[in-house]
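Let me begin by presenting the structure, written as structure tokens, before commenting on it.
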Amino acid sequence: MRIASLGSGSKGNATLVQHGETTLLVDNGFSLRKFTQRLERFEIDPGTIDAVLLTHEHGDHSGGVERLCATHSIPLWTAVGTARAVLSAQFEYHRLVAGQRITIGDIEVLPVTVPHDSNEPLQFIFHQLDNGKRLGILTDTGHITRHIVDAFSCLDALLLEFNYDVDMLERGPYPDRLKQRVGGSHGHLSNEQSMDLLRRIDTSSLNCLIAAHISEKNNTADIVDRLIRELGSVPAPVLADQEAGFDWIAI
Ligand SMILES: [Zn+2]
Ligand SMILES: [Zn+2]
């Protein structure tokens, strides 16, 4: 299995997961033109994407999904609540239900419920069917639940949100209401909350850690990198970038 990102952050997210003959796309917050440009360097024809999985309706994840799926006839999978919030009434999709695994080609997908200020937010764990490696993606989550700790333990790879530094958010440029939203229990994960998750889950098999959805205003890649390296018990992180995402990482 391998993973790549076309961009990560509040201006747009799109993540590729590939194994065997199967290519999945998690979210697309980019216009069709931007998405197509950004996809070029990965040498994938958009028409060969087997499925798009949509986590929730916020524009940085959903903004380009319907147009992309319609243009290239790509099947879309999402929760009913998300579909109602963001898709055109007649748009056909496959329904995802938290806790119910689906198989698309060579990859099994487990949707996991997370607390976030949207209708029916899901994050995902991918399981490659031939040799059992598991990859988790967790962003857009307001706080760490017991359920998340259970679901995201014993992974081989983890893409984890490190959204904001508490002090930088507090002192930063966001209006108070937005500060409360981001920092609230259904907003985003702070560096400390994500570090707490890394301490609570079993990371003994983790050989790839990607820090993602890093705020450009309320955090820096350097702070995140230092915090994770200080922990010692997990691999040095790959830092996902808003503009560049990250290149293929083999798991
Ligand atoms: Zn987001
Ligand atoms: Zn969101």
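Whatever order the structure lists them in is the order used to number ligands and atoms, beginning at 1. These values consider heavy atoms only, across backbone and side chains, with no hydrogens, waters or symmetry-generated copies. Bear in mind that the values here come from a model prediction, so they are computed numbers and not experimental data.
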- [ ] Kindly indicate whether a cation-pi arrangement holds for Arg38 with Phe30, taking the cut-offs as under 6.0 Å to the six-membered ring centre and within 45° of the axis.
- [x] yes

TODO: Could you tell me whether any N, O or S atom belonging to His116 is less than 2.8 Å from the Zn ion (ligand 2)?
DONE: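 For His116, the answer is yes, given that an N, O or S atom comes within less than 2.8 Å of the Zn ion (ligand 2).
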
- [ ] Return yes when at least one N/O/S atom of His58 is nearer than 2.8 Å to the Zn ion (ligand 2), and no when none is.
- [x] yes

Open item on the list: Within this structure, what is the CD1-CD distance for the pair Ile148 and Gln123, rounded to the nearest 0.5 Å?
Closed with: 8.5 Å

- [ ] Return the orientation label for the His188 and His116 ring planes: parallel under 30°, perpendicular over 60°, tilted otherwise.
- [x]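 Rings of His188 and His116: perpendicular, over 60°.
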
- [ ] Could you check whether the rings of His56 and His58 sit parallel, tilted or perpendicular, using 30° and 60° as the cut-offs?
- [x] perpendicular

Open item on the list: Is there a continuous path of hydrophobic side-chain contacts, each under 4.5 Å between heavy atoms, that joins Leu198 to Val238?
Closed with: no

What is the name of the N/O/S atom of [X] that is nearest to the Zn ion (ligand 1)?
| X | answer |
| --- | --- |
| Asp60 | OD2 |
| Asp140 | OD2 |
| His213 | NE2 |

Task: Backbone or side-chain N/O/S of His188 under 2.8 Å of the Zn ion (ligand 1) - done: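 Under 2.8 Å: His188 has no N, O or S contact with the Zn ion (ligand 1).
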
